[in-house]
Amino acid sequence: GKEGTTGLRIYERLTARDDLSLITLDEEKRKDPAARRTALNEADIAFLCLPDAAAREAVSMIENDRTRVIDASTAHRTEPGWCYGFPQLDSSFLEKLKSAKRTAVPGCHASGFISLVYPLVASGMLPPDADITCHSVTGYSGGGKKMIAQYQDSGRSPLLDAPRQYGLTQQHKHLKEMQAVCGLSKAPIFCPIVSDFYSGMVVTVPLFQNMLNPGYTVSDVKEVYRALYKGPV
């Protein structure tokens, strides 16, 4: 799937290295099931940058226990047997990642939310049944080639000049992992917003003092973040 924005960036980074050999398919064989199956089973590591259904199909084609899979799609982020690739959260995530044969790459909005909420729930500061909201402003590159073309079109609609909220039905594909990884008993209210800049994201999770478990203060929250994300992380 190296034609999409994520796949293209991964491909560009890997081609710049001389310690790796890339297995690639000619254009006419990209969608040939036999060719894809052969490539997947020959690889030591397979990066999947595909729609969810295609990612599941690709995994089903692997017939050995050697090929490691790193899946950038939403398909396997909460699937049993898959490692959620966020080693900065705590040592258990890091240890699982070291030996994982199947790794799911976290979603973009989800990464910001989980990095804020998981430490508070895991430390006992924030109850799993807390009523949480999340606002996340992102650049348009996250929408893929179609949205990039839309925003960079010289004749585009002036409505694109302003930030736009989407996912109003609360069915956003990142919600499932946001809830599962943080151990929440209910999904947060999620307000994703796309704005007129190419890349970048700011995620905000507002909390009231009375949302924390008794005995914890804002200072405790700061200390948890300071200890967990110290250094260049």
Side-chain angles (χ1 to χ4, degrees), residues 1 3-9 49-55 71-79 84-86 88-89 104-121 125-212 218 221-222 225 229:
E3 299 302 314
T5 51
T6 302
L8 183 60
R9 287 192 176 190
C49 303
L50 302 165
D52 286 6
D71 182 12
S73 81
T74 313
H76 299 104
R77 290 175 183 164
T78 58
E79 287 294 306
Y84 193 76
F86 204 152
Q88 295 88 347
L89 288 178
V105 178
C108 51
H109 293 289
S111 294
F113 177 84
I114 291 168
S115 67
L116 293 170
V117 175
Y118 176 86
L120 302 185
V121 176
M125 291 188 187
L126 188 67
D129 62 350
D131 293 318
I132 302 174
T133 61
C134 175
H135 293 266
S136 184
V137 182
T138 181
Y140 58 79
S141 67
K145 292 165 66 172
K146 184 177 180 180
M147 184 175 287
I148 293 172
Q150 181 185 28
Y151 268 84
Q152 295 183 348
D153 186 345
S154 58
R156 75 183 198 180
S157 168
L159 294 176
L160 299 182
D161 296 346
R164 298 181 298 144
Q165 187 171 340
Y166 64 101
L168 300 178
T169 62
Q170 294 301 301
Q171 298 296 316
H172 193 284
K173 64 181 182 178
H174 289 177
L175 270 169
K176 189 176 180 181
E177 64 188 283
M178 291 162 69
Q179 180 179 356
V181 176
C182 291
L184 300 174
S185 59
K186 51 187 173 182
I189 297 295
F190 180 39
C191 305
I193 300 164
V194 62
S195 192
D196 186 18
F197 57 94
Y198 181 78
S199 180
M201 182 172 291
V202 58
V203 180
T204 305
V205 178
L207 296 176
F208 287 100
Q209 173 75 53
N210 62 9
M211 294 172 66
L212 300 177
V218 174
V221 172
K222 291 180 179 179
Y225 291 146
Y229 300 123

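Along the sequence shown, the residues carry numbers beginning at 1.
- Scanning both residues, P192 and H172, for their nearest heavy atoms gives CG-CD2, 3.9 Å.
- M211 and A130 make their closest contact through CE-CB, 4.5 Å (heavy atoms, listed as atom of the first residue, atom of the second, distance).
- Taking 4.5 Å as the limit, every side-chain heavy atom of Y84 sits out of range of all side-chain heavy atoms of T78.
- Atom-to-atom distance recorded for D131:CG and K186:NZ is 3.5 Å, nearest 0.5 angstrom.
- Shortest non-hydrogen contact noted between P128 and V121 is CG-CG1, 4.4 Å.
- In summary, the aromatic rings of F197 and Y140 are positioned with their centroids too far apart to meet the 6.0 Å limit.
- Residues C191 and Q165 are in side-chain contact: their nearest non-hydrogen atoms beyond the backbone lie under 4.5 Å apart.
- Each salt bridge (charged side-chain N to carboxylate O under 4.0 Å, His left out) pair with one or both residues in residues 159-175, not counting sequence neighbours, appears once here: R156-D161.
- A donor-acceptor contact shorter than 3.5 Å is absent between the side chain of S199 and the backbone of G139.
- Using a 4.5 Å heavy-atom cutoff, the side chains of L120 and L207 are in contact.
- Side-chain N or O atoms of Y225 include one that pairs as donor or acceptor with a backbone N or O of L116 at under 3.5 Å.
- Taking NE2 from H109 and CD from E177, the interatomic distance works out to 10.5 Å, rounded to the nearest 0.5 Å.
- Put simply, CG on L89 and OH on Y229 are 5.0 Å apart, with the number rounded to the nearest 0.5 Å.
- By the 4.5 Å heavy-atom criterion applied to side chains, V181 and F113 are not counted as neighbours.
- For A75 against D52, the heavy-atom pair with the smallest separation is N-OD1, 3.4 Å.
- Residues S73 and L50 are not in side-chain contact: their nearest non-hydrogen atoms beyond the backbone lie 4.5 Å or more apart.
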Verdict with reasoning, H174 to F190, per ring-ring contact (aromatic ring centres under 6.0 Å, His included):
CA-CA 9 Å; H174 289 177; F190 180 39; 7.2 Å; no

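- Taking CD1 of I114 as the start and CD of Q179 as the end, the distance is 11.0 Å to the nearest 0.5 Å.
- Between atom CG of residue L175 and atom CD1 of residue I189 there is a gap of 8.5 Å, rounded to the nearest 0.5 Å.
- In this structure, the separation between CD on Q88 and OG on S111 is 9.0 Å, given to the nearest 0.5 Å.
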